[in-house]
Amino acid sequence: MKVEKFSPEINKVYFIENHSLIHILSGKGSIQVDFKNYFDWQEKAIFLEKGQYIKFLSDNFTIRKIEFLDDTKFYNSEVRVLFKHLISLGYIDLMECDECHMFLSESITENSANIIDISSKQWYWQNPFEANKEEYQIIFDTKDIIDQEYANQLSSAELTSFINQRGYNAQNLIKDKVGLSVKSLLTAKRLKESKKEVAFTDKTIQEISYELGFKDDAYFNRAFKNSTGQTPKQFRDNFDFKNRDLFTQDIISLLQEYHMQERSLGFYADKMNLSVKTLSKKVQIKMNTSLGQLIRLELVNTAKLMLLTGESIVDISRKLGFQEANHFTRFFKHYSGTTPSQFKTKKYNL
């Protein structure tokens, strides 16, 4: 096990070379993992698999990274649930796991309790897909095959045929528990790997399309644009892997400074010297979300910090510009999934 505490560079792509646990100790803003931006990372232990990447879209983060150097642990079917992400990040909610929080609060040494075992138990307790252990094994068996065979143009029926021999209909099980079809999971994997090849290599589009099993580069171009709204070349230019464009830092800094007073898209467009339409389009391309959603997420995150430091719901409502406390309560529940009062009663306090 290798433990490292550091302040990551803004917009630098950190490739994951060993299965890792990322614990964000401080900071504000969003993170990006495999081209998806995440804003609700607070109070979570994030698990990343070898081959993924993480990028920090603000310059004020401090993180602890725990690398697990022995790969054999992660072939265990009980443990892989932490790392084989299906629709979102693999994480453990520290507000619901005293043991995990205790482990990460202490000085971590080689002789410390096994955070992987603790986290695996917690993951099953959180039970994100409301399945039993046998059902989870079917789901993750299918995901393993997708990860191995995504470039071979197998049909979803071929992909799940051997699993169905056990008496399960994997297609129906995954659709019921995960909410996505096997075909959707397969398509998402192909798209993610396509993006990595486009963004992080100097290969030609023709080379990439061939390696990923597409019929020809014209078909790959069409499929890529249908999924991302950009051609592979546009995506490569906009991702700006080598130059680390600071657009995301600029807009996040403005949101952090003004979100409690300003919710108008026009205000932020003026600050960035752009039209609302241009700013909205750039935010969507660079951050894969809308400017309005960014403003709402900043409000929710600020509200959470205020709640955890003991401020009253009435005071928070007033400071965040809501006319009535019940308006704030409805807003908070809609975007966080819980009421302010319920959030305050959770066990773990920052």
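At a cut-off of 3.5 Å, with distance as the only test, no side-chain donor of Q230 or R236 sits close to an acceptor on the other residue. Between Y335 and R296, the side chains place a donor N or O and an acceptor N or O closer than 3.5 Å (distance only, hydrogens not considered). Using modelled atom types and a 3.5 Å distance limit, the side chains of Q32 and Y53 yield a donor-acceptor pair. No side-chain donor-acceptor contact under 3.5 Å links D217 and Y210. The closest side-chain donor-acceptor pair between S184 and T187, if any, does not fall under 3.5 angstrom. Looking only at atom types and distance, the side chain of H259 has a donor-acceptor partner in the side chain of T302 under 3.5 Å away.
For the pair K12 and K55, the minimum side-chain heavy-atom distance is 4.5 Å or more. Side-chain atoms of N221 and P232, non-hydrogen and from C-beta on, do get closer than 4.5 Å to each other.
A cation-pi contact, defined as under 6.0 Å to the ring centre and within 45° of the axis, is absent between K177 and F129. Judged by the 6.0 Å and 45° rule, R64 forms no cation-pi pair with F103.
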Pair F15-F200, ring pair (Phe, Tyr, Trp, His ring centres under 6.0 Å): steps then yes or no: CA-CA 11 Å; F15 293 103; F200 303 137; 5.0 Å; yes

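To the nearest 0.5 Å, the span separating CG on D40 from CG on L89 amounts to 10.0 Å.
Taking the centre of each ring, F235 and F35 come in below the 6.0 Å mark. A distance of 6.0 Å or more separates the ring centres of F56 and W41.
Other residues, nucleotides and ligands contribute over 12 non-hydrogen atoms within 6.0 Å of the CD atom of Q261.
With H85 as the fixed residue, the side chain to side chain donor-acceptor pair (under 3.5 Å) test singles out one of Q52, K192, E49: Q52.
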